[in-house]
Structure formats: structure tokens, C-alpha cells
K.L.:
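Handing you a structure now.
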2 protein chains.
Amino acid sequence: MPVKKQPKDADTVLQPTEEAKTKGTPGAEETRTRILDAAQCLFAAQGFDATPTKAIAEQAGVPNGLIFYYFPTKKALLETLIAERNMLPAIQAIVHLPVRSDVHATLVTLGKNYLKVVKQHEELSRIMLREFRSHEDIATNFKTLREEQLRLIAHYMEEAMRVGGIQPVKDVQVMARVFLYNLIFAGLVDSLSNTPRFIEDMVDLLLCGIARDE
Amino acid sequence: MPVKKQPKDADTVLQPTEEAKTKGTPGAEETRTRILDAAQCLFAAQGFDATPTKAIAEQAGVPNGLIFYYFPTKKALLETLIAERNMLPAIQAIVHLPVRSDVHATLVTLGKNYLKVVKQHEELSRIMLREFRSHEDIATNFKTLREEQLRLIAHYMEEAMRVGGIQPVKDVQVMARVFLYNLIFAGLVDSLSNTPRFIEDMVDLLLCGIARDE
DNA sequence: GTCTATATGATGATAGAC
DNA sequence: GTCTATCATCATATAGAC
């Protein structure tokens with residue numbers, strides 16, 4: 001059975017195989033990662049069902065059979081991707097940045113950073129958006145992720161407006177939701193509106209034109 | 001070769017087969033429709049690649065081989081679905097409704113009607129959202145559809161605010177886009193926020209709290 | 001137009017040598 | 001851990017009887 005770990009950070013490897021220690025041999029961990037990388041890339045581009053394990057093996061540079069040494073089934077490969085490569089930590093990092101007194105600028109920065117994170121996790125996000133109807137666990141993960149993001153963003157917005165001295169016109173929850181949904185859709189579907197301009201316009205709209213260029 | 005028509009409205013059938021005229025025999029057109037219905041249902045639930053033609057045939061109550069009498073390939077079946085069952089006419093009907101002097105109420109009605117149309121075309125919309133990355137023609141169709149909807153909604157909003165005597169804070173284009181993207185996402189992904197309350201809150205936010213209960 | 005039987009190829013997964 | 005060869009299954013699509 002393969003070593004199943006949650007390598008959040010690299011370098012936290014438990015027992016780097018003897019060969020990997022001494023020579024340039026790939027090592028089990030790197031092979032596993034290469035398979036995951038290839039699967040992520042292909043699942044995102046063609047979808048889970050349209051991607052043969054053979055294609056994954058080819059892109060990873062390993063024989064087909066080796067995939068099933070590291071993952072019991074093709075589906076487990078998908079589930080591992082979703083479980084191990086979570087974008088939530090990156091979002092948390094963003095909302096821990098300090099807010100400035102300029103609310104508009106703060107929210108625009110938040111939007112740009114958020115879109116940056118989505119782009120960095122684009123393949124995984126696309127996979128989730130595409131497969132969450134077929135796979136219960138992905139649906140759950142996706143939903144939880146959205147709720148967590150909503151919570152974090154709403155909290156950040158609240159803080160930003162408190163510091164900026166702005167009385168929100170409406171519940172911040174609604175603002176956060178409109179903000180989040182638009183950025184997800186803009187980032188994952190309508191790549192054309194993926195411009196800084198769109199974010200500024202949206203924040204402008206959310207803030208009702210006030211607090212601009214404070 | 002099968003009769004390829006674009007039955008926008010029913011009853012526009014060209015030559016109802018003799019049997020269909022006289023007896024209760026299904027008739028070619030109905031068989032074709034049943035296959036399309038089954039495909040639509042299954043593609044939406046499991047995805048195109050995960051749906052065998054055999055499953056479509058079973059759900060339609062026809063033998064597997066008959067599918068390929070009406071459609072040359074499985075992919076053609078998908079393309080026919082997208083081409084023949086377009087939701088744009090329904091959207092056009094919505095934005096031809098008269099605007100009232102109460103802008104808030106007008107936009108809330110627009111939102112509710114839009115969500116209703118999306119729900120009526122839910123299966124097709126889900127298919128588009130899921131498959132547009134793999135099929136060029138679906139991507140094009142999807143994009144065009146979004147742009148058309150954006151145009152229609154922006155125009156309708158402009159009219160609503162002109163009649164309501166409200167000076168829009170920002171470009172109506174931005175408002176329309178935020179409105180549309182949120183409703184698509186709410187309707188197709190986050191079914192929980194698919195509530196009248198969400199629409200009202202969103203319109204409230206878009207209108208900056210003004211024009212409420214005029 | 002409808003149905004049965006089947007060709008042909010690809011797929012996920014396994015066995016076992018190294 | 002890595003690799004080759006292969007199994008069993010199921011997929012799309014076709015041929016041809018009715």
C-alpha cells in the first residue's frame with residue numbers, strides 16, 4: 001500500500017526513499033505527485049470521464065499500471081486531488097491582509113487577490129465546477145468551500161467598512177455573496193470579464209458609488 | 001436519412017407519418033423527441049461522457065440501434081439538443097414585459113422571471129455549463145447566449161430606470177452583468193440561494209438602497 | 001421506421017516479472 | 001517501486017431482418 005500523506009507543505013516528507021536520498025532517482029513521492037499533476041491537468045481540460053488512465057500515465061511519464069499502485073481506482077485519484085489540493089488556505093491568507101481606510105481600494109485589492117487565487121487553482125476549481133453533480137463528496141466539498149469563503153469575505157468586508165467609517169447600505173452577507181459569485185463566474189466561465197476593470201466596476205456598484213477615491 | 005427539422009413550436013410538423021395520422025402509433029417525430037428528452041435528462045444528471053447510448057435508449061423506450069437512425073453519432077445528439085432547445089426566446093419574452101414606475105419592483109420581477117426561465121431550461125443550462133469546455137460549438141453557443149442576455153437585460157434595466165426617473169450610479173452594463181452572473185450561479189450551482197429573498201436583496205444592493213417601496 | 005445481433009475498439013484494473 | 005502483458009467489460013456504431 002502506498003504512503004498516503006497530506007503534504008500541505010513540501011519538505012515535510014516522512015521517509016524519503018533511500019534512492020531519493022542519495023541519487024537523482026525520482027522517488028515515490030515525486031512519482032505520486034507527477035500522476036496527480038497529470039490527472040489534474042487532464043481532468044480540467046477534458047473532464048473526468050473523458051480522460052483515460054492511459055492518458056494520465058503518458059503525461060506523467062509512467063506506465064499505466066503504476067497509477068493503480070498509488071491509487072486503488074481512477075475515482076480515488078480524483079478524490080485525492082480534491083482532498084489534498086485545497087484553495088481555502090490561500091483565501092485565508094488573503095483575508096488576513098490588513099484593511100486600509102480606503103474601503104474602495106481595500107475591496108478592489110481583495111477582488112484582485114481573490115481572482116489571483118482562483119487562477120492559481122484554476123484546474124482544481126474547474127474540476128469541482130464540472131464534476132460536483134456526479135460525485136457526492138465533491139459536491140459537499142464544493143459547498144463547504146463556498147460557505148467558508150462567504151464567511152471569510154463577509155467578515156473582511158465588515159472590518160473594511162468599520163475601519164473606513166462606512167455604514168453598509170444593506171446586509172454585508174449579500175454584498176459578500178454577490179462579490180463571490182461574480183468573481184467565481186468571471187474567473188471560471190467568462191474569462192473575458194477577468195479584467196481589473198470589471199472588479200473596480202463591481203466594487204463601485206457594491207459600494208453605491210460612495211467611498212470612491214477617498 | 002431522418003427528417004431534420006427545427007421544431008421551435010410543435011404542431012409545425014411537416015409530414016406526420018401516415019400511421020400517426022390515423023392511429024395512436026408513436027410516429028417518427030415523437031420517437032425522435034423521446035430520444036432527445038432522454039438524452040437531455042441523462043446528460044444533465046451524469047454528464048455526456050458518463051452516459052452510454054444504451055441508457056438513453058432504455059429511458060426513451062427504444063432499442064439502442066434506433067438512436068443512430070435519427071442521429072449519426074452520440075455527439076450529434078448532444079449538438080442537436082443545444083441547437084434546437086434554446087432558452088433565448090423565453091428571455092426575450094421576459095424583457096418585452098412592460099416596465100413599471102417602481103424600479104425596484106420591476107427588477108425584482110425581472111429577476112424572478114429570469115430564474116424561472118433558467119429553471120425551466122435547467123437541464124440544458126447544466127449541460128452547457130458542464131460541457132462547454134470540451135465542445136467548441138457549445139462554448140460558442142454558450143458565449144453568444146450570455147452576450148445576448150446581457151444586451152437584453154441591460155436594455156431593459158435602462159428602460160426601467162428611465163421610466164422610474166432614477167439616475168444610475170454606474171454604467172448599466174455593469175449592473176446587468178452582476179445581475180446576470182449572480183442569477184446564473186444562484187440558479188445552476190448554489191440552489192440554496194435560489195430564493196425570492198436573494199433576488200430582492202440583490203436588487204436592493206444594485207439600486208444602492210434607493211427606490212425601495214416607491 | 002423499428003428491432004436484434006454483433007463488429008470493433010477502448011477502458012479500468014490485475015498479475016506477476018524484475 | 002517500476003514495468004509489461006493482459007483480462008474482462010463495456011462503449012459506439014453498423015448490418016441487415018422485419
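Values in this document were obtained by computation on a predicted structure and should not be read as measured data. Naming: A, B, ... by sequence-line order, numbering from 1 per chain.
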K.L.:
Send over the distance from A:Asp49 CG to D:dT12 P, rounded to a whole Å.
P.N.:
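Value for this atom pair: 11 Å.
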K.L.:
Tell me the interatomic distance from A:Leu66, atom CG, to C:dC18, atom C1', rounded to whole angstroms.
P.N.:
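Distance, rounded to whole Å: 14 Å.
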K.L.:
Return the value, rounded to whole Å, for the distance between atom CZ of A:Phe68 and atom P of D:dT2.
P.N.:
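So the CZ-P distance, A:Phe68 to D:dT2, works out to 16 Å.
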K.L.:
Nearest-Å distance, OH (A:Tyr69) to P (C:dA17)?
P.N.:
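From A:Tyr69 OH to C:dA17 P: 18 Å.
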K.L.:
Within less than 4.0 Å of OP1 or OP2 of C:dT2, is there a side-chain N or O belonging to B:Tyr70?
P.N.:
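For C:dT2, OP1 or OP2 has a side-chain N or O of B:Tyr70 closer than 4.0 Å.
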K.L.:
When all nucleic acid strands are considered with a 4.0 Å heavy-atom cut-off, which category describes B:Pro52: base, sugar-phosphate, or nothing?
P.N.:
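It contacts sugar-phosphate atoms only.
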K.L.:
In whole angstrom, give the distance that lies between atom CG of B:Leu77 and atom P of D:dA11.
P.N.:
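To the nearest whole Å, that distance equals 16 Å.
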K.L.:
Determine whether A:Val189 and B:Phe132 make a side-chain contact, defined as any pair of heavy atoms from C-beta on separated by less than 4.5 Å.
P.N.:
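Yes, side chains in contact.
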K.L.:
Do B:Glu131 and B:Ile82 have side chains that approach each other closer than 4.5 Å (heavy atoms only, starting at C-beta)?
P.N.:
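Side chain of B:Glu131 against side chain of B:Ile82, heavy atoms only: no contact under 4.5 Å found.
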K.L.:
Please state how far atom CD1 in A:Ile35 lies from atom C1' in C:dA13, giving the value in whole angstrom units.
P.N.:
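Interatomic distance, CD1 of A:Ile35 to C1' of C:dA13: 14 Å.
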K.L.:
In whole angstroms, how far is the P atom of D:dT12 from the CG atom of B:Leu42?
P.N.:
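These atoms are roughly 12 Å apart.
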K.L.:
Between B:Lys74 (side chain) and B:Phe48 (backbone), is there a donor-acceptor pair under 3.5 Å?
P.N.:
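Yes; judged by distance alone, with no hydrogens or angles, the pair exists.
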K.L.:
Given D:dT12, C:dG12, C:dT2, identify the nucleotide with an atom nearest to the side chain of A:Lys74.
P.N.:
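Closest nucleotide among those given: C:dG12.
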K.L.:
Please confirm whether the shortest side-chain N or O distance from B:Thr53 to OP1 or OP2 of D:dA11 is below 4.0 Å.
P.N.:
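For D:dA11, neither OP1 nor OP2 has a side-chain N or O of B:Thr53 closer than 4.0 Å.
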K.L.:
Could you state the atom-to-atom distance from CG of A:Asn64 to P of C:dT14 in whole Å?
P.N.:
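In whole Å, C:dT14 P lies 12 Å from A:Asn64 CG.
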K.L.:
Quick check for you: to the nearest 0.5 Å, what is the distance between B:Asn182 atom CG and A:Ile184 atom CD1?
P.N.:
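That separation rounds to 10.0 Å.
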